[in-house]
Amino acid sequence: MPTKKRDASLFDAQKFAGSLAGLLDALPSEANRKETVSQLQQLIEFLGNLKSRLECIPTQQDALAARAAVDRLSALFSEAKSNPALGIAVGIKATPSSRKAPTITTEEIEHSKLAIARFESLPIDEIRVALERMPTRNLQAVASALGIRTTQRTGRDSLVHQVATKITNTRGYRSLRDGADEH
Amino acid sequence: MTAKVIAFINYKGGVAKTTTTYHVGCSLAQHFGKKVLLVDIDPQTNLTFLCSSIEDWEQFKKKTGTIATMYRRFLEKKSLDTKRFIWRQPVGAGLKRRIPNLDLIPCDIDLIGEDLGGAAVAGSFPALELLRSQSREYLREHSFLQKALNEVDDNYDYILIDCPPNLYLMTQNALVVSQWYVVTAIPDHLSTIGLNILQRKVRTIGEHLQSAQTFAGKSGLGVASIGGIVFVRVRLGGSRITIVHQNTMQAVRAEQGANKCFTARTTELIGYGEAAEYSLPVWMTQTPNAAAAAKKHEYEDVAKEFLQRFP
């Protein structure tokens, strides 16, 4: 058994030397080593970039927050359009407010109430004709006296319709309520 | 029948049936060039008042009559002469630009007594011993609108019927003459729990009609199929639909089937009420709130989808 053991050791040493020679042959040249190190460096940089980009991708939570911010911004811009002071603050030229109705004086409203009282006794077609003959300013005053909200863009045609409908419908509802509609 | 006949129903009140019938009708006529006849069978007369001022309606009623007059003529077995009762282009009558191709058969409060008469309530049916004779009468009572609209349906693309918030005789008539019925619903708990009951009741009305036809030895009458559910008066929080309404709409879509529900919907806007005051659709009413509502084009979207569903 001991002899056999020694033989095996000798055999192993030879094999080791052979392997070592093979390994030495397989070692890279200086150029190869430099190239490999360089490629490894590039790979590290690539992975570093990838990591940074992944960190930049928004999550669903980020998207919700962004949407809320956009909604708030949109509301602010809408408000700024009709609010000159706010518009200047955020750098938006405020457009004239569509809600702004012409200013009617108290005297004009009182005068309009008299006209409305006269209309009360007229049939709807005659009210329309009378309103169509009115100057626009007076028509706007009548609308205002009736509590009709208008804009500067409300045309004469619409004003006449709204005033006539308001007067006759008020009268009509009163008539229905009082049972004058019985037949 | 040339025209497509669609009834807007829901036995629950305040669910924008009339506003929807009106705006869809106006949009079909004005934006899509369709010939439309609106039929008001709700004695509250709200569709009629959306189309005209009260005084114009009173004049028309005195001169011509309303659907209540037609129904009395029907009961008296006189000819209906439906064409005579059609109010041509009433919307925007006081304006230079009235809506073309949109006519109306107006209603009045007198229909309320008539509507409750006879075998009116859904679920009731003539006693067995009187079946044959009563079945004939039952069928006749249910064919009033069919008879009336058959006289004029060749002149229209669409006939839209605004039903009262019940399932009494007039609504049953509407279901008989219509090919489809559309249900309007606010997406909240109370407004949507009745959707299944409503559809079941409509099926029951159909079954009663079928039985009556069997006993009377007649055929040909049936009830409309469901054409869709439109969500109306959807509440917004800012620019988004509130969670409660979103959840209810999702639940209804899941239960009823997504196809049954219109994608287009309308929201709760002051402008609709403001426009109603002047008997005009929102896009023709020049007041601040109506103008804001008009910008959303909600009813145009519903009308567009309506055309896709009932081409």
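The sequence lines fix the lettering, A, B, ..., with proteins before strands; numbering per chain opens at 1.
Closest approach of Pro288(B) to Arg149(A), counting heavy atoms only: CD-O, 3.7 Å. In terms of heavy-atom proximity, Glu55(B) sits nearest to Thr168(A) at OE1-CG2, 3.5 Å.
Summarising the local packing, CG of Leu24(A) is surrounded by more than 12 heavy atoms from other residues, nucleotides or ligands at distances under 6.0 Å. Taking a 6.0 Å sphere around CD1 of Ile109(A), one finds it holds more than 12 heavy atoms contributed by other residues, nucleotides or ligands. Annotation: Arg84(B), atom CZ; neighbour count of heavy atoms from other residues, nucleotides and ligands within 6.0 Å is above 12. Applying the 6.0 Å contact sphere to CD of Glu76(B) captures more than 12 heavy atoms from other residues, nucleotides or ligands.
Heavy-atom distances place no part of Leu159(A) under 4.5 Å from chain B, backbone and side chain included.
Counting heavy-atom pairs closer than 4.5 Å to chain B, the top-ranked of the candidates Arg128(A), Gln162(A), Arg171(A) is Gln162(A). With chain A as partner, the option from Met284(B), Glu277(B), Glu274(B) having the largest number of non-hydrogen pairs under 4.5 angstrom is Glu277(B).
The structure places CH2 of Trp57(B) at 11.0 Å from CG of Asn169(A), a figure rounded to the nearest 0.5 Å.
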